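The structure appears below as structure tokens.
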Amino acid sequence: MLDIQQLRTDLDNVARQLAKRGFVFPIDAFNALEAERKKIQTRTEELQAQRNAASKRIGQAKAEGGDVTAIMNQVAHLGDELKQAEAHLDRIKREMQAMLLEIPNLPHASVPDGKDETCNVQIRRWGEPRRFDFTVKDHVGLGEELGLLDFEAAAKLSGARFSLMKGGLARLHRALAQFMLDTHTQEHGYQETYVPYLVGRDSLRGTGQLPKFEQDLFAVSAGGADAAGIPEYHLIPTAEVPITNMVRDEIIPLQALPLKYVAHTPCFRSEAGSYGRDTRGLIRQHQFDKVELVHIVHPDDSYEALEQLVGHAERILQKLELPYRVMTLCTGDMGFSAAKTYDIEVWLPGQNAYREISSCSNCEAFQARRMQARFRNEQGKPALLHTLNGSGLAVGRTLVAVLENYQNADGGVAIPGVLRPYMNGLDQLRKSEQNASEL
RNA sequence: GGAGAAAUGACCGAGUGGUUGAAGGUGCACGCCUGGAAAGCGUGUGUACGGCUCAAACCGUACCGCGGGUUCGAAUCCCGCUUUCUCCGCCA
């Protein structure tokens, strides 16, 4: 949510900045609503003041045993008008709030202009894609030929965009998540958290998924779908939601900052509107695991924190020796809540392309304002925090990257060195039946 | 799922219709005192929104879990909800 004060005083500039990300600010509607708000609020408060003054006099008169009917008559007519004014003001405030909740964050000055992902800017590259002297397979071919990846079974159980892994592959998937958690907690100073996978609407509003992106979420109601108009819970689309909302309606003491949390969770996304995209394989699933990093920081420190955050995510790929590049997203490609976003894209030999494996964003005070997430500043006054989040990393996509980058001519897949301790020492996924049962 | 109890400021805690933003205490800040500290004494100590302002001061409004209602007036009365605790049932 943007600062209403800023909208009142600097509207044209705000509208111009939002236009860069393809958002058309309803200037006229806003101004009209704001003018009405001012008028009605002034009137309402005036009436309230009259009522309060009269009531006070009634109290005094009664205490002195005086006659009260004269004042009562004076104030009698106020009731209806006041009630009407209050209702009107309430309506306007709701309307204003609804408008505010639909407006995306302002892009930071350092974000490149552009309409879509073709305008993103590469800022660095790490590692060289390996050269293969055989025809590479993609992760689907590899996983299915190993007998460890079964999309048919997943489709039978749940439908499209679900996956089922077995044996060494399922173990590798778990190993990746463990490895990421261990690295972030032991080397990068994050506190591990275990969080709910079902969250309420307030939480989703806080981080910006609601009200605008309801169709991207899965809703859950106790007692089944028939029970509900408004669903009780939503499955988290990312651990960013539960983790960041830990500070909702809180005032964090200055010396507690920065807060750095990591969680490994499944994520659930409806992928509405992505029909036909990435239909093959593990890249785009309704359910996937992710290790998520969240920073809750002092506003002065948030851009430094963003650089650290990206570095922490990159560190995972470096340890796995997977080539990647870091992109600054342009204004037109950023998510709703972000002021600045870096995407990390990993090299996938099966697609002969770099594909997103992490997205790290500074949301500045955008989420904090929605959440009323504050800290007590140097003057002892509550002030809005800045929130950041980033994948560190998407586990499923990392698994894809390992399979494709570490494949051998015989269809086997080497286990990256850092993962072997998590794999009971196994150094290779082989095309043998035993493979699965050895573990 | 059933029965009961509770929810007040940073914290504890008083307050069953009338100058209550809210007694008292703790904590915190500042001052006095002291060689220094403690104790003691004094003063102060919420947030949000709006008006007027360059700004501050000032003024107004709202806020005692949340949402409604009754009333000239609600922390206080009524209704609904949420959360926490206790007991019973069920359960990984």
Side-chain angles (χ1 to χ4, degrees), chain A residues 1-11 30-101 194 196-206 221-224 227-234 242 245-257 365 368-385:
Chain A
M1 202 158 70
L2 300 180
D3 181 4
I4 184 85
Q5 303 292 358
Q6 192 183 5
L7 290 174
R8 283 173 187 149
T9 56
D10 198 22
L11 186 56
F30 177 84
N31 281 332
L33 203 55
E34 176 62 8
E36 201 182 358
R37 190 222 94 229
K38 202 175 234 178
K39 195 179 80 187
I40 302 299
Q41 180 165 340
T42 308
R43 180 64 187 147
T44 305
E45 291 183 355
E46 210 172 90
L47 291 168
Q48 285 169 329
Q50 281 178 37
R51 179 203 59 195
N52 291 347
S55 295
K56 201 173 263 186
R57 268 183 286 136
I58 294 173
Q60 284 171 314
K62 274 199 166 173
E64 291 157 13
D67 182 28
V68 146
T69 49
I71 316 174
M72 295 270 275
N73 288 336
Q74 258 178 40
V75 91
H77 72 282
L78 277 179
D80 280 349
E81 195 183 351
L82 180 57
K83 197 167 271 184
Q84 216 176 357
E86 280 175 337
H88 192 175
L89 183 61
D90 187 58
R91 209 158 55 238
I92 291 168
K93 282 188 164 169
R94 279 175 206 275
E95 230 176 290
M96 185 64 94
Q97 185 70 2
M99 187 185 283
L100 251 36
L101 285 172
Y194 171 83
Y197 303 156
L198 295 173
V199 294
R201 302 182 70 83
D202 289 344
S203 294
L204 290 155
R205 196 176 301 110
S221 295
I230 293 173
E232 276 180 84
Y233 300 114
H234 287 86
N245 273 282
M246 284 197 283
V247 295
R248 173 155 51 88
D249 295 320
E250 299 290 334
I251 298 177
I252 309 297
L254 185 62
Q255 66 274 15
L257 299 176
R369 191 171 290 111
R370 288 172 163 249
M371 292 190 297
Q372 280 303 298
R374 296 173 293 176
F375 70 107
R376 210 165 277 286
N377 69 15
E378 294 79 353
Q379 287 77 45
K381 296 289 179 191
L384 293 172
L385 290 157

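Note on naming: letters A, B, ... go to the chains in the order of the sequence lines (proteins, then strands), and numbering restarts at 1 for each one. Predicted model only: the values in this text are computed from it and were never measured.
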- Starting at atom CG of L47(A), determine the distance to atom C1' of G60(B), rounded to an integer number of angstrom. 13 Å

- Query: Taking atom P of A74(B) as reference, at what distance in whole Å does atom CG of N52(A) sit?
  - Reply: 8 Å

- Message: If I take atom CZ in residue R57(A) and atom C1' in nucleotide U71(B), what distance separates them, rounded to the nearest angstrom?
- Response: 17 Å

- Message: Please confirm whether the shortest side-chain N or O distance from K83(A) to OP1 or OP2 of U70(B) is below 4.0 Å.
- Response: yes

- Query: For the side-chain hydrogen bond (donor to acceptor under 3.5 Å, both in side chains) test, which of E81(A), H88(A), Q48(A) pairs with R43(A)?
  - Reply: E81(A)

- Message: Other residues, nucleotides and ligands only: do more than 12 of their heavy atoms fall within 6.0 Å of CD on E86(A)?
- Response: yes

- Item | Phosphate-side-chain proximity, R51(A) and A62(B), N/O vs OP1/OP2 below 4.0 Å | yes

- Item | Donor + acceptor pair across side chains of Q41(A), E45(A) (<3.5 Å) | yes

- Under 3.5 Å, side chain of R37(A) to main-chain N/O of K93(A), donor-acceptor pair present? no

- Item | Gap between atoms CG and P, on L89(A) and G51(B) respectively (whole Å) | 12 Å

- Task: Round to a whole Å and report the spacing from CZ of R376(A) to P of U47(B).
- Result: 7 Å

- Check the distance between C49(B)'s C1' and D90(A)'s CG and give it to me in whole angstrom. 14 Å

- Could you tell me the separation between the CD atom of Q48(A) and the P atom of C72(B), rounded to a whole number of Å? 17 Å

- Query: In the structure shown, which nucleotide is the Watson-Crick or G-U wobble counterpart of G4(B), with both distances under 3.5 Å?
  - Reply: C85(B)

- Starting at atom NZ of K381(A), determine the distance to atom C1' of A48(B), rounded to an integer number of angstrom. 12 Å

